[in-house]
Amino acid sequence: MTDKMSTHQAEDDARNEDILIYVDGRIVPKVQATVSVYDSGFMLGDGVWEGLRLYDGHWAFLDEHIDRLFEAAKAIDLDIGLDRQGVIDALRATQEANGMTTDAHARLMVTRGVKMRPFQHPSLSRSGPTMVIIMEHSRPKLPRPIRLATVPHLRGLPMTQDPKLNSHSKLNCILACIAAEKAGADEALMLDVNGFVNTTNACNFFIVRKGEVWTSTGDYCMNGITRQKVIDLCRADGIPVYERNYSLVDTYGADEAFLTGTFGAQTPVSELDGRVIGTGQMGPVTERIRNLYKALIQQEISK
């Protein structure tokens with residue numbers, strides 16, 4: 001059995017050594033793609049980002065991703081410095097410069113920019129935002145389902161750091177992932193502030209019980225675009241789906257479990273806290289949802 005694995009594991013691709021990266025309006029070789037040590041993102045995690053996936057020349061659910069980026073930027077009072085079309089043009093220019101047509105993943109990042117002094121106050125960021133687009137050839141490669149461990153780290157309340165923000169401040173989730181690895185798992189299952197099953201450190205989480213699909217209420221997790229697509233697909237195809245509170249007891253007894261995210265779409269889960277979920281392999285409902293999602297992608301790129 002493969003020892004180390006994550007939900008974002010991809011095939012090695014030598015072409016990624018020669019990619020071109022967008023940095024503040026310039027597209028430069030990977031070795032030249034740098035930002036200042038005074039940048040707000042490097043210094044304080046002050047920024048927001050989006051992950052996007054390229055299928056057959058089309059960025060899947062592009063409008064939803066751009067909506068979420070601008071909503072997050074507004075929430076943290078960050079002026080991106082470009083309008084929607086400007087951001088899309090930058091994304092496509094980076095794609096064209098790299099000659100990418102499919103199986104590519106983009107991480108689009110915007111920070112508050114370079115600070116005058118190495119301190120927290122946002123008024124010290126006076127040079128305007130920093131925007132970077134890293135685009136890699138990326139084909140998922142997961143040799144087995146994911147193993148999870150429940151950790152003590154919580155996804156917090158909106159008045160601390162709203163978990164719906166795709167922010168650069170990911171230390172809480174990183175610590176959760178470290179705790180899960182120390183427990184012998186691949187990634188972490190995080191509970192909400194009330195002790196109900198919530199999300200993983202990197203993806204949204206679903207279980208299947210007696211043909212029903214359950215996921216968290218959404219109050220304390222990332223407002224995942226793939227998560228919502230799965231909920232919508234279930235409703236449209238007659239699969240009972242519920243956004244609800246449920247416990248670890250419910251989860252241990254589930255027939256199936258899977259993760260959702262832009263990179264891996266639907267990733268099966270084999271174990272949680274040493275307990276095998278269902279057969280330990282992808283279950284029939286997960287496979288059905290995965291096929292529905294593939295059909296949705298095909299519909300999306302044919303527009």
Aromatic rings Phe263 and His105: how do their planes relate, parallel, tilted or perpendicular, breaks at 30° and 60°?
perpendicular
For the side-chain contact (heavy atoms from CB on, under 4.5 Å) test, which of Leu78, Leu82, Val110, Ile80 pairs with Phe70?
Ile80
In terms of heavy-atom contacts, His65 and Gly51 come closest through CE1-O, 3.0 Å
Treating Asn166 as the side-chain partner and Trp49 as the backbone partner, does any N or O pair qualify as donor plus acceptor under 3.5 Å?
yes
Using modelled atom types and a 3.5 Å cut-off, is there a donor and acceptor pairing between side-chain atoms of Gln9 and backbone atoms of Leu142?
no
Any chain of hydrophobic side-chain contacts (each under 4.5 Å) joining Ile277 to Ile146?
yes
Is it true that Ser6 and His8 share a donor-acceptor pair across their side chains at a distance under 3.5 Å?
no
Does Arg275 use its side chain to pair, donor to acceptor, with the backbone of Asp273 at less than 3.5 Å?
yes
Ignoring hydrogens and geometry, is there a side-chain-to-backbone donor-acceptor pair from Asn194 to Phe196 under 3.5 Å?
no
Please report the interatomic distance NZ(Lys229) to CG(Leu292), rounded to the nearest 0.5 Å.
13.5 Å
Which pair of heavy atoms, one from Glu187 and one from Ala202, lies closest together, and at what distance?
OE1-CB, 3.7 Å
So, does Asn98 use its side chain to make a donor-acceptor pair with the main chain of Leu20 at under 3.5 Å?
yes
Heavy-atom closest pair, residues Met190 and Cys173:
SD-SG, 4.4 Å
Test side-chain contact (heavy atoms from CB on, under 4.5 Å) applied to Arg209 and Tyr246, step by step
CA-CA 11 Å; Arg209 289 179 59 94; Tyr246 62 96; over 6 Å; no
Closer than 4.0 angstrom, basic N to acidic O: yes or no for Arg227 and Glu64?
no
Between Arg288 and Asp237, is there a salt bridge with N-O shorter than 4.0 Å?
yes
Ser125 and Ser40 side chains, donor-acceptor separation under 3.5 Å:
yes
Does a donor on one side chain sit under 3.5 Å from an acceptor on the other, for Gln85 and Asp89?
yes
Using the rule that two of Ile, Leu, Val, Met, Phe, Trp, Tyr join whenever any of their side-chain heavy atoms come within less than 4.5 Å, decide whether Leu69 and Ile225 are in one cluster.
no
Kindly say whether Ala265 contributes a backbone atom to a donor-acceptor pair with the side chain of Thr260 at under 3.5 angstrom?
no
Verdict with supporting geometry, Leu272 and Leu248, side-chain contact (heavy atoms from CB on, under 4.5 Å):
CA-CA 9 Å; Leu272 172 61; Leu248 282 172; 4.1 Å; yes
One should read off an interatomic distance between Trp59 CH2 and Leu52 CG, to the nearest 0.5 angstrom, of 6.5 Å
Can you name the closest pair of heavy atoms from Arg155 and Thr200 and give their distance?
NH1-O, 3.7 Å
Side-chain ion pair, Lys141 and Asp12, N-O less than 4.0 Å
no
In this structure, CZ of Arg107 is separated from CE of Met135 (nearest 0.5 Å) by 13.5 Å
Within the 4.5 Å heavy-atom criterion, are Ile19 and Met100 side-chain neighbours or not?
yes
Checking Asn172 side chain against Leu154 main chain: does a donor-acceptor pair fall under 3.5 Å?
yes
Between Ser247 and Asp250, do the side chains contain a donor N or O and an acceptor N or O under 3.5 Å apart?
yes
salt_bridge(Lys164, Glu71) N-O dist < 4.0 Å:
no
Point-to-point distance, once rounded to the nearest 0.5 Å, from CD1 of Ile231 to CD1 of Ile239:
12.5 Å
Treat each ILVMFWY residue as a node, draw an edge where side-chain heavy atoms are under 4.5 Å apart, and state whether Met222 and Leu259 are in one component.
no
Same cluster for Met116 and Met43 if Ile/Leu/Val/Met/Phe/Trp/Tyr side chains link at under 4.5 Å?
no
Decide whether Leu54 and Val87 are clustered together by the hydrophobic rule: side chain heavy atoms of Ile, Leu, Val, Met, Phe, Trp, Tyr closer than 4.5 Å, transitively.
yes
To the nearest 0.5 Å, tell me how far Asn198 CG sits from Ser216 OG.
5.0 Å
Determine whether a donor-acceptor pair (N or O, by modelled atom type, separation under 3.5 Å) exists between the side chain of Lys30 and the backbone of Asn16.
yes
Check this for me: Arg139, atom CZ, are more than 12 non-hydrogen atoms of other residues, nucleotides or ligands nearer than 6.0 Å?
no
Using the rule given for side-chain contact (heavy atoms from CB on, under 4.5 Å), can you reason through Thr226 versus Tyr293, listing the C-alpha separation, both sets of side-chain angles and the distance that settles it, and then say yes or no?
CA-CA 9 Å; Thr226 309; Tyr293 186 79; 3.8 Å; yes
About how many Å separate CD1 of Ile133 and OH of Tyr22, when rounded to the nearest 0.5 Å?
6.0 Å
Are Val208 and Ile289 close enough, and set up right, to give a side-chain contact (heavy atoms from CB on, under 4.5 Å), and what steps lead you there?
CA-CA 11 Å; Val208 181; Ile289 291 169; 5.7 Å; no
Quick check: does any side chain N or O of Thr199 sit under 3.5 Å from a backbone N or O of Cys203, one acting as donor and the other as acceptor?
yes
Does this structure show an ion pair linking Asp77 with Arg112, if we count only N-O contacts that are shorter than 4.0 Å?
no
Grab the two heavy atoms, one from Ala185 and one from Leu148, that are nearest each other, plus how far apart they are.
CB-C, 3.6 Å
Checking the side chain of His168 only, and the main-chain atoms of Gly47 only, is there a donor and an acceptor separated by less than 3.5 Å?
no
Looking at every heavy atom in both Val269 and Pro145, which two are closest together, and how far apart are they?
C-CB, 4.1 Å
